[in-house]
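Structure first, then comments.
Here the structure is a predicted model, which is why all the values come from computation and not from measurement.
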Amino acid sequence: MASPPHTPDVFRRDCEGRIDAIADLTDALTQWASERGVPPKVMTSMALVLDELFSNVVMHGYREDAPGRIEVEAHIDAQAFTVTLADQAAAFNPLLVPEPDTSLSIEDRQIGGLGLLFVRRTADSLAYERVPGAGGVPTNRVTFSKRLAA
């Protein structure tokens with residue numbers, strides 16, 4: 001997956017699917033968005049959602065022992081800041097994961113699901129699709145956004 005050059009209106013980054021790639025990615029995206037006037041509170045929320053979704057692809061999709069690529073694209077319009085992650089890991093639709101029962105005590109809860117609950121509650125929109133990718137390889141696309149104004 002080749003990384004297209006940056007344009008003023010679109011941020012694109014092709015990353016190796018490794019946990020240690022997240023910091024550089026979020027730093028670059030934060031700088032890009034800040035230069036375009038994204039409020040710090042919106043940027044913080046978007047960076048946290050990106051971190052959670054990127055981490056899930058690395059740890060559960062590619063697994064850390066066999067990293068793949070993750071393409072990240074972002075754009076800003078008058079209403080929202082939108083980010084899309086694309087990966088070629090096994091199909092995984094985060095919208096189909098049931099919400100964890102947070103009324104149970106920690107000891108009685110099943111492990112997992114809190115990160116996706118955070119994503120659902122933080123992002124204003126969240127979408128998933130499985131599409132043909134480069135060379136016909138199936139690709140997961142997760143898109144999330146946050147409104148720029150209340």
Side-chain angles (χ1 to χ4, degrees), residues 1 3 9-64 66-133 137-150:
M1 291 186 254
S3 182
D9 301 317
V10 179
F11 172 92
R12 290 186 178 95
R13 179 73 54 102
D14 181 12
C15 304
E16 188 172 6
R18 299 177 51 89
I19 293 296
D20 60 4
I22 295 172
D24 287 343
L25 171 62
T26 55
D27 287 350
L29 182 61
T30 297
Q31 180 177 344
W32 177 85
S34 295
E35 290 169 358
R36 284 151 185 81
V38 172
K41 186 174 180 180
V42 170
M43 188 59 238
T44 298
S45 294
M46 292 295 281
L48 291 170
V49 170
L50 175 61
D51 186 299
E52 177 63 28
L53 292 172
F54 193 102
S55 297
N56 282 349
V57 172
V58 172
M59 295 187 312
H60 305 295
Y62 288 133
R63 313 231 187 265
E64 288 195 67
R69 306 298 297 179
I70 302 172
E71 292 180 357
V72 178
E73 183 174 300
H75 71 275
I76 302 163
D77 61 29
Q79 289 79 36
F81 179 19
T82 303
V83 175
T84 299
L85 277 76
D87 66 77
Q88 295 177 334
F92 177 73
N93 184 344
L95 301 174
L96 298 179
V97 175
E99 287 194 9
D101 184 350
T102 57
S103 68
L104 297 173
S105 69
I106 296 287
E107 297 81 18
D108 294 330
R109 288 185 202 168
Q110 290 189 349
I111 295 174
L114 289 177
L116 289 176
L117 178 62
F118 168 79
V119 166
R120 289 175 176 159
R121 292 190 178 172
T122 303
D124 291 327
S125 69
L126 179 65
Y128 170 83
E129 62 183 338
R130 182 92 166 153
V131 297
V137 177
T139 299
N140 298 302
R141 290 177 48 92
V142 176
T143 301
F144 59 97
S145 67
K146 190 87 177 153
R147 286 183 299 278
L148 295 175

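Considering every non-hydrogen atom in both Thr139 and Val137, the closest pair reads OG1-O, 3.2 Å. The minimum heavy-atom distance between Ala33 and Met43, with the atom names listed, is CB-SD, 3.5 Å. Contact between Asn140 and Arg130 at its shortest, heavy atoms only, is OD1-NH1, 3.0 Å. Closest non-hydrogen pair, Ala86 versus Arg141, comes out as CB-CG, 4.2 Å.
In this structure, CZ in Arg18 is found 13.5 Å from OH in Tyr62, a value given to the nearest 0.5 Å. Distance CG/Leu25 to CG/Asp20: 12.0 Å, rounded to 0.5 Å. Rounding to the nearest 0.5 Å gives a distance of 6.0 Å between CG of Asn93 and OH of Tyr128. Summarising the geometry, atom OG1 belonging to Thr26 is positioned 7.0 Å from atom CG belonging to Leu50; distances are rounded to the nearest 0.5 Å. Rounding to the nearest 0.5 angstrom, the gap separating the CG atom in Asp87 from the CG atom in Leu53 is 10.0 Å.
Contact of the Phe144 side chain with the Leu85 side chain is registered, since non-hydrogen atoms from C-beta on lie closer than 4.5 Å. Val142 has its side chain within reach of Pro94: a pair of non-hydrogen atoms, C-beta onward, lies under 4.5 Å apart.
Between the side chain of Asn56 and the backbone N or O of Gly61 there is no donor-acceptor pair closer than 3.5 Å. Side-chain atoms of Thr84 never come within 3.5 Å of backbone atoms of Thr82 as a donor-acceptor pair (strictly under, hydrogens ignored). Lys146 places a side-chain N or O within donor-acceptor distance of the main-chain N or O of Thr122, the cut-off being under 3.5 Å.
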Kindly indicate, with the supporting measurements, whether the criterion side-chain contact (heavy atoms from CB on, under 4.5 Å) is fulfilled by Leu29 and Arg13. CA-CA 9 Å; Leu29 182 61; Arg13 179 73 54 102; over 6 Å; no

Step by step, work out the side-chain contact (heavy atoms from CB on, under 4.5 Å) result for Phe11 and Val83. CA-CA 9 Å; Phe11 172 92; Val83 175; over 6 Å; no

Applying side-chain contact (heavy atoms from CB on, under 4.5 Å), run through Arg36 and Phe81 and close with a yes or a no. CA-CA 10 Å; Arg36 284 151 185 81; Phe81 179 19; over 6 Å; no

Between Leu148 and Ile76, is a side-chain contact (heavy atoms from CB on, under 4.5 Å) present by the stated rule, with each step listed? CA-CA 9 Å; Leu148 295 175; Ile76 302 163; 3.8 Å; yes

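Looking at Glu73, Glu71, His75 one by one, the single match for side chain to side chain donor-acceptor pair (under 3.5 Å) with Arg12 turns out to be Glu73.
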